[in-house]
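Remarks on the structure that follows.
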Amino acid sequence: MIRTFYLLLLLIPFCLKAQRGNTKPELVTAKKLYQQAQQEFVSFEKQHGGFIHTKNVKLHYLTWGKPSGIPLIWSHGSFTNGYELIKVADDLVTAGYYLIAIDYYGHGQTDIPSHPVSLYHVADDIKTLMDQLKIKKAVIGGWSRGGAVSTAFYDAYPERVLGLILEDGGSVATNTHYHKMEASQLANTINAIVAHPPKDTVYTSVFDAYYDIYDPEEAGTQFSSLAWIKKVGEREWAICPGVMELFQMNIAQQWSDLILRPSKVGLFGASFSLLAPQIIFRNLDVPMLILDPVSKDDFMPFEKENAALQAAHPEFIVHKIYENTGHNIHYEQPRRFVQDLSDFLKRVKASR
């Protein structure tokens, strides 16, 4: 799996390639790994993958476990996809979940629709998926932007929710931290963000993209990385092309508008910035698990806001602090992540 580093600011984890001390495999070896990765990817998709047509898009999703388990529908973070829980999926199934992980717009094997879409359109897609799979209610969860998708789903379809799992996203209004800044500090922050923006790198083959993002520290075939690569031309491929524009994060003006004037940006970006968890959860009546990482360079210092939300609904919310942990809890602390989700499932069953 690709090692990820994150731009510090807003609720967006960018999957960026790190500079490694380890060297990549030789081309001959890499090509053999790539061929094996292709076979493993096809095999895995046959066992776990699926597509449905919604009003908005042809949506790709993955499943682990049996429908007899408690459904957990997971929305990934920015610039990842449904494979992001692959390393803990089997453990979550053992805990009692029927895990369903979607790819939303521009990620994995789901395209960006040609019409304007928002977080709430993703929520509509999840509802359509539940209907097709004959799931009346599910635990709804997600990481980072996926947490915001989960909150939007609860806002739109509360009657379909058994519980909520919000991993560093969706429990606090997106711009809370930025609105505490003075104008000059905010301007400097935005300029720092756009000084070195991630660019869409175009490759002439899938292998070239695979080799570029191959992580020598992980070893193995890393077949799930193939889900990141999308065709963008007759003979060109890229990693998550078009997503920065979908998020409205290409230039400084877009960032500024996202923070200060969200009605001026595209629908997807606006829906993210305008999400108001305090209002959405005012009548919360299902169990909620907030997973809140804290670190020296925490770019989402929302512990106080999360604690206040928990205090407002003590009978429903469990707020878990992860000390000395970066944004990606399930990657950095997989054992504790699984244990916390396993304990939460007991609460969900008891509340039913």
Is [Y] close to [X] at the side-chain level, that is, under 4.5 Å between some pair of heavy atoms?
X	Y	result
L164	V139	no
D168	N328	no
I165	W74	yes
D292	H319	yes
L341	L92	yes
K231	W237	yes

Taking the six-membered ring for Trp, is the centroid-to-centroid distance between [X] and [Y] below 6.0 Å?
X	Y	value
F299	H327	yes
Y154	F281	yes
Y211	Y34	no

Decide whether [X] and [Y] are clustered together by the hydrophobic rule: side chain heavy atoms of Ile, Leu, Val, Met, Phe, Trp, Tyr closer than 4.5 Å, transitively.
X	Y	answer
L267	I112	no
V57	F51	no
L162	V93	yes
V294	F302	no
Y105	L274	no

Next item on the list: Could you tell me the separation between the CH2 atom of W255 and the CD1 atom of I190, rounded to the nearest 0.5 Å?
Entry: 8.5 Å
Check: Between atom NE2 of H60 and atom OG1 of T110, what is the distance when rounded to the nearest 0.5 Å?
Finding: 7.0 Å
Would the distance check show the side chain of [X] and the main-chain N or O of [Y] forming a donor-acceptor pair, the cut-off being under 3.5 Å?
X	Y	answer
T54	N56	yes
S271	L119	yes
R160	A138	no
S342	V338	no
E167	I329	yes
Y331	L85	no
T221	Q36	no
T176	V172	no
Q222	A219	yes
H179	I259	yes

So for atom [atom1], which belongs to [X], do other residues, nucleotides or ligands contribute more than 12 heavy atoms lying within a distance under 6.0 Å?
X	atom1	value
Q278	CD	no
E234	CD	no
E315	CD	yes

Note to self: Run the side chain to side chain donor-acceptor pair (under 3.5 Å) test on N175 and H177 for me, step by step, so that the C-alpha distance in whole Å, both residues' side-chain angles and the decisive distance to 0.1 Å come before the verdict.
What the structure shows: CA-CA 6 Å; N175 291 319; H177 181 52; over 6 Å; no
How close do [X] and [Y] get, heavy atom to heavy atom, and via which atoms?
X	Y	answer
G163	V161	O-CG1, 3.3 Å
V232	A238	CG1-CB, 3.9 Å
S225	Y210	OG-CD1, 3.6 Å
L166	S150	CD2-CB, 3.9 Å
A101	G82	CB-O, 3.3 Å
A270	P262	CB-O, 3.3 Å

Checklist line | Ring-face cation contact, Y203 with R235, 6.0 Å cut, 45° max | finding: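 Relative to the ring axis of Y203, which defines the angle, R235 lies outside at least one limit.
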Margin query: Any salt bridge linking K136 with E159? Criterion: basic side-chain nitrogen under 4.0 Å from a carboxylate oxygen.
Written below: no
Note to self: Please determine whether side chain to side chain contact (heavy atoms under 4.5 Å, CB included) holds for the pair Y322 and L291, giving the CA-CA distance in whole Å, both sets of side-chain angles, and the decisive distance to 0.1 Å.
What the structure shows: CA-CA 7 Å; Y322 284 67; L291 303 180; 3.8 Å; yes
Note to self: Suppose we screen for side chain to side chain donor-acceptor pair (under 3.5 Å). Which residues come up paired with E245, at least two apart in sequence or across chains?
What the structure shows: Q248, N250, Q254
Which class fits the ring pair [X] and [Y]: parallel under 30°, tilted 30 to 60°, perpendicular over 60°?
X	Y	result
H107	H76	tilted
H48	W64	tilted
Y83	F44	tilted

Margin query: Does either side chain, that of E332 or that of T325, offer a donor lying less than 3.5 Å from an acceptor on the other one?
Written below: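 No, no side-chain donor-acceptor contact under 3.5 Å.
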Note to self: Regarding Q310 and N306, do their side chains bring together a donor and an acceptor under 3.5 Å, going by distance alone?
What the structure shows: no
Notebook entry, point to check: Among L72, L129, I126, L62, which one satisfies side chain to side chain contact (heavy atoms under 4.5 Å, CB included) with I100?
Noted result: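 When L72, L129, I126, L62 are each tested with I100, the side chain to side chain contact (heavy atoms under 4.5 Å, CB included) holds only for L129.
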Next item on the list: Evaluate side chain to side chain contact (heavy atoms under 4.5 Å, CB included) for D340 paired with R336, printing each intermediate quantity in order.
Entry: CA-CA 6 Å; D340 284 341; R336 184 177 170 191; 3.6 Å; yes
Margin query: Strictly by salt bridge (Lys or Arg N to Asp or Glu O under 4.0 Å), give each pair with a member in residues 101-111 just once, sequence neighbours left out.
Written below: D111-K230
Item checked: Contact list for residues 40-55, test salt bridge (Lys or Arg N to Asp or Glu O under 4.0 Å), sequence neighbours left out ->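 Counting only pairs at least two positions apart or across chains, no salt bridge (Lys or Arg N to Asp or Glu O under 4.0 Å) contact touches residues 40-55.
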Next item on the list: Determine, step by step, whether D155 and Y120 satisfy the side chain to side chain donor-acceptor pair (under 3.5 Å) criterion, reporting the C-alpha distance in whole Å, the side-chain angles of both residues, the deciding distance to 0.1 Å, and the verdict.
Entry: CA-CA 9 Å; D155 191 21; Y120 284 81; 2.6 Å; yes
Next item on the list: Take D212 and Y214 through the side chain to side chain contact (heavy atoms under 4.5 Å, CB included) test and state the conclusion after the steps.
Entry: CA-CA 6 Å; D212 193 34; Y214 185 89; over 6 Å; no
Item checked: Passing option when K127 is tested against D124, D125, D131 for salt bridge (charged side-chain N to carboxylate O under 4.0 Å, His left out) ->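 Checked D124, D125, D131 against K127; only one passes salt bridge (charged side-chain N to carboxylate O under 4.0 Å, His left out): D131.
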Next item on the list: Applying side chain to side chain contact (heavy atoms under 4.5 Å, CB included), run through S75 and I102 and close with a yes or a no.
Entry: CA-CA 6 Å; S75 297; I102 68 165; 3.7 Å; yes
